[in-house]
2 protein chains.
Amino acid sequence: MKKPCHCAQHSHQKQELASLTTRLRREDRKITGPRAAILEILRQHSHPLTTKEIFAELPKGECDLVTIYRAMQLLEKLGMVKRFDFGDGAARFELVEEGDDGHHHHLICTQCAQVVEIEECFPPEIERRIAQQNGYRAVTHRLEFFGVCPDCQRLK
Amino acid sequence: MKKPCHCAQHSHQKQELASLTTRLRREDRKITGPRAAILEILRQHSHPLTTKEIFAELPKGECDLVTIYRAMQLLEKLGMVKRFDFGDGAARFELVEEGDDGHHHHLICTQCAQVVEIEECFPPEIERRIAQQNGYRAVTHRLEFFGVCPDCQRLK
DNA sequence: TTGTAATTGCAAATGATTTGCAATTAATTA
DNA sequence: TAATTAATTGCAAATCATTTGCAATTACAA
């Protein structure tokens, strides 16, 4: 249907989808319609999506909501997707580059839920000290920022 | 039953319960059996408790689980309690000192759920920069650490 | 093309939390 | 101290996100 596109951006995406399906196959998993569609949607978004949001973007009837839940569980287990928790009761998922662990944070508008990706991270040396002081091992963290975005400030 | 105790630690706690009920009354709220019991339980723990945990510690029949949910909502609104989210699907609550906002973090064992309170915080200047760079206002953060506690390392 | 394990859909189960509503009660007020 | 009233509670049922059981379907290796 779609003509192949060779511009830098799209060839990057093409490649990504191919590598995604490869990663699945590598694990003896099947590339099914629902899975391809879900990966496609995730590829099109740079911000984490809830299961419902993915479902809403899928051509209707493409698959059941339960299938998305199952797909996200699988993709998370394979490290292809990273789960985020904004504290509103719905898990969110973002595609992870191969070989990456997807660790990063977000700045979320408390009024409109707009999301900004943040590269800044909790200082590793401080985390190391916290781990050490308490005798903990393999310490990581979950960190998200909340505030009011420019648009919502204006509306006030 | 219990004899009054005047040591520094306990007199501090006594005072605290009185100030807690005062804070309620100040807002035209009633001091009921369930509420007093819930506050008492929270006072006895330095770590956040889930609604279920509070319920379990209450003398059985003291009150309904729903009453605890409602009490926590009220106490949170009044700023007497702080809600924490360890990402396991159950909200946790910790008493907040008057005039304080209760902001702090935890180090949670991923095996046994043991909790350590952490005073360390995300560097304010970095948070300020993040806010500024994205035009956000009133930025705060949610941060929790996860790892394996000493005990669970041993059991490995 | 076929065999088989992986996957899906649908319905029902879970678990945390909320809500509706009538009965109860803390704290005033007379 | 009793009457008054708004706040509070218990109980059942509703919600919401997520999971599970199971029989029917399907991707893909042989």
Side-chain angles (χ1 to χ4, degrees), chain A residues 17-18 20-41 48-78 80-93 113, chain B residues 17-18 20-41 48-78 80-93 113:
Chain A
L17 184 55
L20 286 169
T21 55
T22 301
R23 284 160 83 180
L24 275 178
R25 254 190 274 272
R26 204 187 295 154
E27 305 276 343
D28 277 309
R29 299 316 193 133
K30 297 176 179 175
I31 316 296
T32 62
R35 285 180 185 169
I38 291 168
L39 287 172
E40 187 54 42
I41 304 245
L49 297 176
T50 62
T51 310
K52 275 238 187 83
E53 287 168 340
I54 297 172
F55 186 63
E57 297 222 13
L58 244 27
K60 62 171 180 284
E62 170 66 57
C63 83
D64 195 272
L65 187 57
V66 176
T67 299
I68 305 182
Y69 276 105
R70 284 196 269 232
M72 299 327 286
Q73 274 186 104
L74 173 67
L75 295 173
E76 186 187 17
K77 193 173 63 171
L78 300 187
M80 296 175 60
V81 131
K82 171 106 178 154
R83 177 189 299 257
F84 291 98
D85 181 1
F86 291 179
D88 66 349
R92 285 174 166 76
F93 302 90
Chain B
L17 183 56
L20 286 170
T21 55
T22 301
R23 284 160 83 180
L24 275 177
R25 255 189 272 273
R26 205 186 293 153
E27 304 278 342
D28 276 310
R29 298 317 193 131
K30 297 176 178 174
I31 316 295
T32 63
R35 285 179 185 171
I38 291 169
L39 287 172
E40 187 53 43
I41 304 242
L49 298 176
T50 62
T51 311
K52 273 236 188 84
E53 288 169 340
I54 297 173
F55 186 62
E57 296 222 15
L58 244 29
K60 61 173 181 285
E62 171 66 58
C63 83
D64 195 272
L65 187 57
V66 175
T67 299
I68 304 181
Y69 276 105
R70 283 194 269 231
M72 299 327 286
Q73 275 185 107
L74 173 68
L75 294 174
E76 186 185 18
K77 192 174 62 172
L78 300 187
M80 296 175 59
V81 131
K82 172 105 179 154
R83 178 188 299 255
F84 290 97
D85 180 1
F86 291 179
D88 66 349
R92 284 175 168 75
F93 303 90

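Every chain is numbered from 1 and lettered A, B, ... according to where its sequence line falls, protein lines coming before strand lines.
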Side chain to side chain contact (heavy atoms under 4.5 Å, CB included) between A:Leu74 and A:Leu24, intermediate numbers included: CA-CA 10 Å; A:Leu74 173 67; A:Leu24 275 178; 4.1 Å; yes
Heavy-atom closest pair, residues B:Pro48 and B:Glu53: O-OE1, 4.1 Å
Closest non-hydrogen atom pair, A:Ala37 against A:Leu58: CB-CD1, 3.8 Å
Residue-phosphate contact under 4.0 Å: B:Lys52 side-chain N/O, C:dA16 OP1/OP2: yes
Which nucleotide in D:dT19, C:dC10, C:dT17 has an atom nearest any side-chain atom of A:Asp64: C:dC10
For atom CE of B:Met72 and atom P of D:dT8, their distance in whole Å: 15 Å
Short side-chain N/O contact to C:dT17 OP1/OP2 from B:Tyr69, under 4.0 Å: yes
Base D:dA7 to side chain B:Lys30, donor-acceptor N/O within 3.5 Å cut-off: yes
Spacing between B:Glu76 atom CD and C:dT18 atom C1', to the nearest angstrom: 14 Å
Protein-nucleotide distance (B:Gln73, atom CD; C:dT19, atom P), rounded to Å: 7 Å
Nearest-angstrom distance from the residue atom CD1 of A:Ile54 to P of D:dT18: 11 Å
Along DNA chain C (nearest heavy atom to each residue), the more 5'-positioned of B:Thr51 and A:Pro34: A:Pro34
Distance test, side-chain N/O of B:Arg70 to OP1/OP2 of D:dT9, below 4.0 Å: no
B:Leu49 CG to C:dA16 C1', straight-line distance once rounded to whole Å: 16 Å
Any B:Arg35 side-chain N or O less than 4.0 Å from OP1/OP2 of D:dT9: yes
Of B:Leu65 and B:Asp28, the one whose closest DNA chain D nucleotide lies more 5': B:Asp28
OP1 or OP2 of C:dA6 under 4.0 Å from side-chain N/O of A:Thr32: no
Atom-pair distance (CG on B:Leu58; P on D:dG10), nearest Å: 10 Å
Euclidean distance, atom CG of residue B:Asp85 to atom P of C:dA16 [Å, nearest integer]: 14 Å
Atom-to-atom span, CD1 of B:Ile31 to C1' of D:dA7 - whole angstrom: 12 Å
Heavy-atom pair of closest approach, residues B:Ile41 and B:Ile54: CD1-O, 4.2 Å
Touch class at under 4.0 angstrom, heavy-atom based, for B:Glu62 against every strand present: sugar-phosphate
Pairwise 5' ranking along DNA chain C for B:Gly33 and B:Ala90, keeping only the more 5' one: B:Ala90
Distance, nearest 0.5 Å, that separates CZ of B:Arg26 from CG of B:Leu78: 10.0 Å
